[in-house]
Trainee: 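Could you have a look at this structure, given as structure tokens, before my questions?
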Amino acid sequence: MTEFADDPQTFRAQIRAWLERHCPPEMRSPAHGEDDICWGGRRWTFRSDAQRQWLNAAAAEGLTVPGWPRAYGGAGMSSAQVQVFDDEMERIGARSPLESFGIWMLGPALLKFGTDEQKRRYLPPIARGEIRWCQGYSEPDAGSDLVALRTRAEDRGDRYVVNGQKIWTSYADQADWIFCLVRTDATAPKHRGLSFVVFDMHTPGVTTRPIKLISGKSPFCETFFENVEVPKANLIGAENGGWTVAKYLLTQEREMIAGRARGLHDGRPLWQVVQELAGDAKGRIVDPILRDRVARAEIDALALTATIERYVEDAAHGHEIGDRSSILKYCNAELNQRRQTLILEASGADGLRWDFVRSDGGEVAPAWLRAKANSIEGGTAEVMLNIVAKRLLDLPAE
Amino acid sequence: MTEFADDPQTFRAQIRAWLERHCPPEMRSPAHGEDDICWGGRRWTFRSDAQRQWLNAAAAEGLTVPGWPRAYGGAGMSSAQVQVFDDEMERIGARSPLESFGIWMLGPALLKFGTDEQKRRYLPPIARGEIRWCQGYSEPDAGSDLVALRTRAEDRGDRYVVNGQKIWTSYADQADWIFCLVRTDATAPKHRGLSFVVFDMHTPGVTTRPIKLISGKSPFCETFFENVEVPKANLIGAENGGWTVAKYLLTQEREMIAGRARGLHDGRPLWQVVQELAGDAKGRIVDPILRDRVARAEIDALALTATIERYVEDAAHGHEIGDRSSILKYCNAELNQRRQTLILEASGADGLRWDFVRSDGGEVAPAWLRAKANSIEGGTAEVMLNIVAKRLLDLPAE
Amino acid sequence: MLAYTDDEVMLARSADDFLARFASTKHLRRLRDGRDDTGFDRGVWHEMARLGYAGVLVDEAHGGSAFGHVGAGLLCASFGRHLSTSPFLSSAVLGATALRSALASAQRCWLPRIAEGEAIVALAVDEGRRHAPASTALSAERSGEVHVLRGEKTLVVDGHVADAFVVLARTSGRPGDAAGLSLFLVEADRPGVSVRRQDMIDSRNAARVTFDGVRVATDTAIGPVDGAGPIIDDVLDAGRIALAAELVGIAREAFERTVTYLKRRRQFGHAIGSFQALQHRAAQLHGQIELAQSTVVKAARLRDLGDPRAALFASVAKAKAGDAAERATDEAVQMHGGIGMTDELDVGLYLKRARVAGTLLGDRHLHADRVATLLGF
Amino acid sequence: MLAYTDDEVMLARSADDFLARFASTKHLRRLRDGRDDTGFDRGVWHEMARLGYAGVLVDEAHGGSAFGHVGAGLLCASFGRHLSTSPFLSSAVLGATALRSALASAQRCWLPRIAEGEAIVALAVDEGRRHAPASTALSAERSGEVHVLRGEKTLVVDGHVADAFVVLARTSGRPGDAAGLSLFLVEADRPGVSVRRQDMIDSRNAARVTFDGVRVATDTAIGPVDGAGPIIDDVLDAGRIALAAELVGIAREAFERTVTYLKRRRQFGHAIGSFQALQHRAAQLHGQIELAQSTVVKAARLRDLGDPRAALFASVAKAKAGDAAERATDEAVQMHGGIGMTDELDVGLYLKRARVAGTLLGDRHLHADRVATLLGF
């Protein structure tokens with residue numbers, strides 16, 4: 001593994017050189033659809049040689065998770081260094097070598113709440129893209145209100161027996177392991193009886209069923225547990241202490257969704273997309289009303305990006321983002337919905353056809369429909385506003 | 001007094017002829033400011049001979065209150081006939097001969113809840129513009145929440161002694177009489193101890209102080225009562241039954257504010273005003289964004305007008321407007337605020353000067369500032385939405 | 001003038017009953033998932049014709065029921081509520097309205113068949129991404145006693161099942177000129193006509209229709225050659241009012257289902273409909289739907305009365321109803337939460353149809369612009 | 001890059017303390033109600049100069065404190081919070097920035113006096129209702145060694161107390177041309193200059209200034225004659241960032257007062273801040289103010305770093321901050337209810353200043369247009 005220098009300028013040069021050598025040219029363009037994303041896992045089939053090379057090269061240096069400790073498969077970078085790494089990736093338009101719920105969510109939770117053994121067991125396979133994770137939070141009657149969770153885990157000495165149903169488990173049908181919230185004490189009030197457990201999706205009694213969305217096929221599944229046996233060693237954090245882990249994880253998720261906006265859109269500026277659809281020969285968007293609305297969306301996008309930058313800097317100075325991630329999550333969802341609506345409108349009648357794709361390969365109608373979920377998944381817009389009102393503004397409960 | 005025909009066409013012809021003969025030419029243009037409105041009352045000074053003639057002519061026929069019974073100073077018209085009368089007034093751009101809180105609010109309440117003696121005593125002077133009324137509802141700690149009213153009326157046998165303070169009493173400093181809500185039973189819960197009383201503003205113990213608004217001078221006052229003696233004969237409705245009268249009256253007020261939009265603006269279409277401020281030689285509003293926003297405001301104005309028309313027709317068919325007036329009130333306030341904001345923006349830097357007036361004499365900055373109150377006075381926007389949610393949509397209380 | 005007559009109320013009720021049984025979202029799903037070639041149920045359409053729906057804008061002399069635009073609007077509102085598919089918009093509104101300006105012989109030939117649901121006559125107007133009749137490029141060149149049509153139309157509603165097209169063509173001037181436009185009635189089986197169905201997000205019918213040197217007799221022109229402008233506006237406005245009515249139906253149904261859900265669904269120990277933030281959004285939406293509905297009735301009545309303000313109100317209604325339907329369906333998804341995103345619930349079907357109906361014959365931006373132009377600013 | 005340094009934090013704190021004591025809304029009311037001729041307190045302004053505020057954009061060689069645009073932004077945010085009146089925007093930002101492009105002799109003459117608060121140099125740019133530098137009609141005709149200025153400027157901030165004006169004039173081309181513009185430094189006591197104060201809704205200083213054949217030496221030109229375009233943009237952007245910072249200060253103060261009121265005021269038996277509909281509106285507003293603040297810091301930092309994106313972000317910040325301040329002050333009135341409409345409360349003062357500051361040097365509509373142009377669409 002490369003020894004990275006402390007000196008920022010040398011460090012940047014190292015990263016630049018490393019990327020130059022190891023990032024295949026095919027991986028230097030934004031991902032357009034599911035097929036361009038590498039999720040890894042036991043059952044993963046690489047879409048191209050380049051995708052495989054890129055993952056292997058990055059994993060060998062710990063660069064799939066640059067901020068994690070080297071002992072657990074990361075590169076041990078400081079947050080300032082991670083920022084430089086991200087900048088340099090962005091500069092050459094490099095795709096992420098590996099996307100995964102293990103990286104975004106389980107990893108940070110394990111780093112904070114896991115035992116050393118748990119970290120050694122679960123983190124490196126995540127970093128190398130060997131094990132693909134899914135998360136089991138929501139249930140049919142417990143969406144925003146996780147306190148209403150009903151999936152129960154009965155204590156059978158050295159193991160739990162899990163029964164219940166989860167919904168919105170992304171890629172449950174392709175994941176190897178699941179981390180989820182279960183009720184270990186049915187008598188405890190509200191969230192006090194919840195525990196955070198992990199288990200293999202191949203365990204007998206686990207079944208999944210894909211969910212079709214208004215936008216078409218989706219990664220989401222319903223997941224059913226029928227007498228699933230889970231060793232107690234698979235408990236993360238304390239028994240009945242799952243709420244603490246889950247809360248931390250939800251914040252991570254919001255920061256992730258909000259802050260890096262990964263997966264929400266393809267990364268091209270809105271105005272370029274609209275310009276191609278509705279611009280004249282000189283590149284001016286002909287309809288002044290559409291042009292104005294795009295300008296306002298760009299203003300808000302630049303404002304949101306600057307806010308993320310500011311909060312991240314704050315965090316580097318010791319002032320955690322914390323509940324402010326709810327602002328980012330809320331605004332980011334709203335902004336992507338506006339983006340997709342404007343692209344749809346710029347496409348006019350063409351945008352109303354399922355088979356219409358943009359010149360750059362981007363989908364229009366499905367992306368517009370899919371974006372409607374941005375303000376629901378990972379915490380609804382309403383829940384985000386409640387958090388801002390109650391925790392940031394300290395407004396009273398009724 | 002003229003005998004009006006039942007036949008609609010003859011009736012319309014009669015009205016048209018009457019207006020032709022009696023409405024002075026000076027009264028056939030929209031009122032621009034306070035000075036153009038005739039409020040009547042003991043202390044009234046007519047602004048012009050035309051104003052006096054117009055009031056006298058109308059009052060002689062009962063046409064200041066065309067829908068009231070003839071016995072009480074009205075013209076005894078059906079609501080369909082009143083509609084025709086209004087149409088014909090509008091056709092020639094005639095100003096209302098008399099505006100008053102007595103007409104809009106006290107009158108309807110008396111017609112519904114007053115004794116015959118009360119009607120005979122109070123209604124004709126209202127119709128003739130001889131007595132000017134003000135209303136005392138709000139108090140400093142009871143704005144939207146009238147249940148919190150604290151002005152109390154102690155029972156002293158044949159009279160009450162009133163102590164307390166009212167706020168937002170329009171023209172209290174110029175009114176002759178007041179109708180107001182007072183608490184006659186301090187022990188009864190919430191609104192059950194309220195009564196509706198009327199009394200002369202010259203009664204010893206009544207004082208008023210004008211309120212200056214952000215838009216400048218205003219008709220609003222604070223009104224103070226110190227041991228004001230009110231004969232029990234001045235009670236309207238039952239003792240401790242004031243809430244019923246007040247609720248009816250609030251609905252009247254909303255319908256009035258919402259439905260006829262009197263006084264909210266000067267009646268010129270928004271687009272004409274903006275066209276004069278920001279149009280080119282051909283009358284096109286040059287800035288496409290401004291033009292679009294004006295168009296959307298006009299669409300909503302036409303939609304609101306059509307809705308009022310629809311509800312009024314419904315009412316004529318026996319389906320009362322009722323709580324639907326809250327929709328009208330809400331939309332009307334919002335629309336006038338948009339109107340004034342668009343006029344302000346069309347005026348650019350000029351609109352930011354106190355001394356700037358439009359070519360037609362309309363004020364810009366004061367009208368914009370004054371409009372901010374539209375969504376507060378007569379029931380806040382929030383209260384209107386609560387009413388719609390709870391009473392029209394039947395959404396549950398928490 | 002805006003209240004409904006007893007006859008109208010009865011028409012609306014019977015339509016609601018009929019559509020709930022024979023042309024509901026359940027039927028739409030069946031057509032969609034079965035990838036039905038026709039895109040609607042011909043048996044149901046014949047039954048609708050028998051009830052007088054297909055002849056709603058056809059005079060009685062030609063076998064129509066002549067319910068007028070208010071009647072058509074009531075039917076469309078019901079179509080919106082149930083997401084019923086049928087060739088009503090294309091044939092009974094657009095086709096029939098256009099044909100009323102055709103030669104008497106053409107009227108005699110086509111109007112009774114439209115009213116009986118035997119023939120479908122579709123309007124071919126758009127060519128590009130935006131609804132812009134003045135941009136028409138499809139040319140109709142005169143050659144002796146015939147005109148030769150060359151060009152392509154898109155988003156032709158029911159194009160792939162039409163027996164004939166009313167085609168907007170340019171007979172002089174250039175694309176962009178408001179003048180120089182003509183309408184021709186072209187039978188679908190004329191040599192040179194080819195049709196390709198389009199796969200729309202609302203699972204409804206639309207087609208791309210190519211006219212490759214199609215020769216039509218000059219007497220198939222509807223209205224004056226080169227001067228069909230006023231007729232075109234009139235036909236399009238009939239369609240816009242119908243679409244606006246459908247949009248209000250969509251908005252109202254999506255909204256009512258949402259309000260029902262708000263009362264039923266519990267979260268954090270309360271019915272979510274008791275949360276004031278949702279209450280206020282619902283109340284605002286209710287107001288907007290009320291406003292939109294008024295514009296639709298007003299536009300339809302004015303048109304039935306021959307009032308010249310009907311054109312203005314057609315645009316007002318199309319803009320306002322499009323806006324209300326967009327907001328109502330967006331909020332329906334959001335307020336239903338995750339379940340609202342699933343194909344299993346009908347909410348998504350309303351969302352998609354609202355967007356297509358909102359775009360057809362001009363979206364709310366185009367109609368705001370037209371309102372400005374018609375008012376004169 | 002967007003976080004504040006310790007020095008900056010200290011500057012902001014000391015400004016807040018100072019302004020709360022000497023230039024608060026109370027002082028603004030005193031100036032307003034006393035119809036003060038100057039429109040600000042000269043003693044306070046001298047004290048502000050002593051603290052380095054007046055020289056914030058003046059280099060140390062000319063006696064300035066050179067805090068830069070981030071520092072200026074922090075001060076402006078404080079001015080916004082307290083509604084402090086002073087010639088900061090006109091002289092310390094616009095005047096000083098313009099003079100940095102003047103001849104060395106002019107810089108030596110004026111910059112130290114600006115930094116000391118001894119001289120006020122105002123920018124005269126607008127002529128009509130809209131901020132539109134390219135529309136400049138005021139002419140400067142060359143006549144030997146002098147230029148002769150003819151025309152009228154409006155909304156000249158601090159115009160009636162200025163010792164000199166930086167005047168935007170047309171030296172060639174026609175109103176509407178972006179080229180052909182020049183800047184001249186004109187002393188207020190030159191023959192032909194006349195000034196009339198304007199009565200603004202924010203009770204601040206602005207004046208109409210007439211130049212009736214004013215002769216100025218050609219070496220008073222700032223930057224190249226006929227080609228001052230880039231300098232003008234640079235000067236205006238400095239002012240826009242300062243105004244954006246003030247607007248965020250206004251938005252934040254109005255918002256915080258509102259949140260405090262929401263916690264205190266009770267209605268229907270509850271603190272009104274417990275009503276979810278108000279909570280959600282407050283939360284949205286808070287987010288918008290956060291976003292606006294980020295754009296202001298970003299714009300100021302980029303400018304201090306000489307980054308060419310500073311122009312884009314000046315417009316982004318002006319648009320976003322104007323929007324946030326408008327919403328925050330509108331909501332402040334609405335959420336305060338009736339009392340918010342009274343002159344007695346400060347809310348109205350914030351509302352009025354927000355509108356004026358939002359309009360000065362281009363409103364959010366103009367800057368949205370500029371963002372589109374700068375991004376290239």
Side-chain angles (χ1 to χ4, degrees), chain A residues 269-272 274-276 278-280 282-285 288 290-317 319 324 326-331 334-335 381-382 384-398, chain D residues 1-4 255-256 258-260 262-264 268-276 278-299 301-302 309 312-313 315-321 323-324 364-365 367-377:
Chain A
L270 169 66
W271 66 267
Q272 286 180 8
V274 175
Q275 189 177 52
E276 282 181 16
D280 65 13
K282 287 180 180 162
R284 188 180 176 94
I285 296 171
L290 180 63
R291 179 170 177 269
D292 178 64
R293 290 162 72 213
V294 171
R296 280 162 210 273
E298 290 295 1
I299 287 169
D300 283 344
L302 290 167
L304 180 58
T305 310
T307 305
I308 294 166
E309 190 181 340
R310 180 157 72 87
Y311 286 0
V312 168
E313 267 191 60
D314 276 358
H317 288 82
H319 176 34
R324 291 184 296 169
S326 298
I327 298 174
L328 306 180
K329 164 77 171 66
Y330 177 86
C331 292
E334 191 268 338
L335 201 55
E382 290 79 12
M384 295 304 105
L385 294 176
N386 285 343
I387 292 174
V388 174
K390 301 235 160 69
R391 301 204 204 138
L392 295 180
L393 303 179
D394 198 28
L395 286 167
E398 207 159 337
Chain D
M1 192 197 87
L2 298 187
Y4 292 118
F255 179 65
E256 285 177 11
T258 305
V259 169
T260 302
L262 290 179
K263 292 176 188 171
R264 193 166 55 73
F268 306 111
H270 301 272
I272 59 174
S274 71
F275 296 137
Q276 198 198 30
L278 297 186
Q279 289 190 345
H280 280 199
R281 276 156 55 190
Q284 286 169 318
L285 200 43
H286 178 67
Q288 291 305 306
I289 297 171
E290 284 288 285
L291 262 57
Q293 172 160 350
S294 309
T295 64
V296 169
V297 194
K298 178 109 186 174
R301 265 304 174 226
L302 289 174
R309 288 173 303 163
L312 171 66
F313 270 89
S315 279
V316 167
K318 186 70 177 33
K320 191 72 198 162
D323 196 35
R364 59 207 175 84
H365 306 296
H367 286 288
D369 182 79
R370 185 164 179 250
V371 164
T373 303
L374 290 175
L375 283 175
F377 65 89

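Just so it is clear: chains get the letters A, B, ... in the order the sequence lines come, proteins before strands, and each one is counted from 1.
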Trainee: For chain D, which candidate among A/V388, A/T307, A/D300 shows the most heavy-atom pairs at distances under 4.5 Å?
Mentor: A/T307
Trainee: To the nearest 0.5 angstrom, please state how far the NE2 atom of D/H286 sits from the CG atom of D/L291.
Mentor: 10.5 Å
Trainee: With a 4.5 angstrom heavy-atom cut-off, is it the side chain or the backbone of D/A319 that approaches chain A, or both, or neither?
Mentor: side chain
Trainee: A/A397, A/A295, A/C331: which one forms the most heavy-atom pairs within less than 4.5 Å of chain D?
Mentor: A/A295
Trainee: When you measure from the side chain of D/E290 to the backbone N and O of A/I327, does any donor-acceptor pair fall under 3.5 Å?
Mentor: no
Trainee: Roughly how far apart are A/K390 NZ and A/S326 OG, rounded to 0.5 Å?
Mentor: 12.0 Å
Trainee: Looking at CZ of D/F255 and OG1 of D/T258, how far apart are the two atoms once the value is rounded to the nearest 0.5 Å?
Mentor: 7.5 Å
Trainee: Side chain from CB out, backbone as N, CA, C, O: work out which of these in D/S315 comes under 4.5 Å of a heavy atom of chain A, or both, or neither.
Mentor: neither
Trainee: Select one option (side chain, backbone, both, neither) describing which atoms of D/L278 are under 4.5 Å from chain A's heavy atoms.
Mentor: neither
Trainee: Ion pair present between A/R296 and D/D323, side-chain N to carboxylate O less than 4.0 angstrom?
Mentor: no
Trainee: Need one label for A/V294: side chain, backbone, both or neither, based on atoms under 4.5 Å from any heavy atom in chain D.
Mentor: both
Trainee: Quick one: pull up CD1 in D/I272 and NZ in D/K263 and give me the separation to the nearest 0.5 Å.
Mentor: 12.5 Å
Trainee: Between D/Y4 and chain A, which part of the residue has a heavy atom less than 4.5 Å away: side chain, backbone, both or neither?
Mentor: neither
Trainee: Looking at A/D292, A/D394, A/V312, A/L393, which has the largest count of heavy-atom pairs under 4.5 Å with chain D?
Mentor: A/L393
Trainee: Who are the side-chain hydrogen bond (donor to acceptor under 3.5 Å, both in side chains) partners of D/T295, not counting sequence neighbours?
Mentor: none
Trainee: Among A/A306, A/P396, A/A316, which has the most heavy-atom pairs under 4.5 Å with chain D?
Mentor: A/P396
Trainee: So which part of A/D280 gets closer than 4.5 Å to some heavy atom of chain D, the side chain, the backbone, both or neither?
Mentor: neither
Trainee: Under a 4.5 Å heavy-atom cutoff, which of A/R291, A/Q275, A/E334 has the most pairs with chain D?
Mentor: A/R291
Trainee: Please round to the nearest 0.5 Å and tell me the distance separating atom CZ of D/R364 and atom NZ of D/K320.
Mentor: 10.0 Å
Trainee: Answer with side chain, backbone, both or neither: which region of D/Q276 has an atom nearer than 4.5 Å to a non-hydrogen atom of chain A?
Mentor: side chain
Trainee: Between A/L304 and A/I308, is any pair of side-chain heavy atoms under 4.5 Å apart?
Mentor: yes
Trainee: Any idea which of D/V316, D/V259, D/L375, D/V371 has the most non-hydrogen atom pairs under 4.5 angstrom with chain A?
Mentor: D/L375
Trainee: Determine whether A/N386 and D/H280 make a side-chain contact, defined as any pair of heavy atoms from C-beta on separated by less than 4.5 Å.
Mentor: yes
Trainee: Report which part of D/H270 has an atom under 4.5 Å of a heavy atom belonging to chain A: side chain, backbone, both, or neither.
Mentor: side chain
Trainee: Can you tell me which portion of D/R281 sits under 4.5 Å from chain A's heavy atoms? Options are side chain, backbone, both or neither.
Mentor: neither
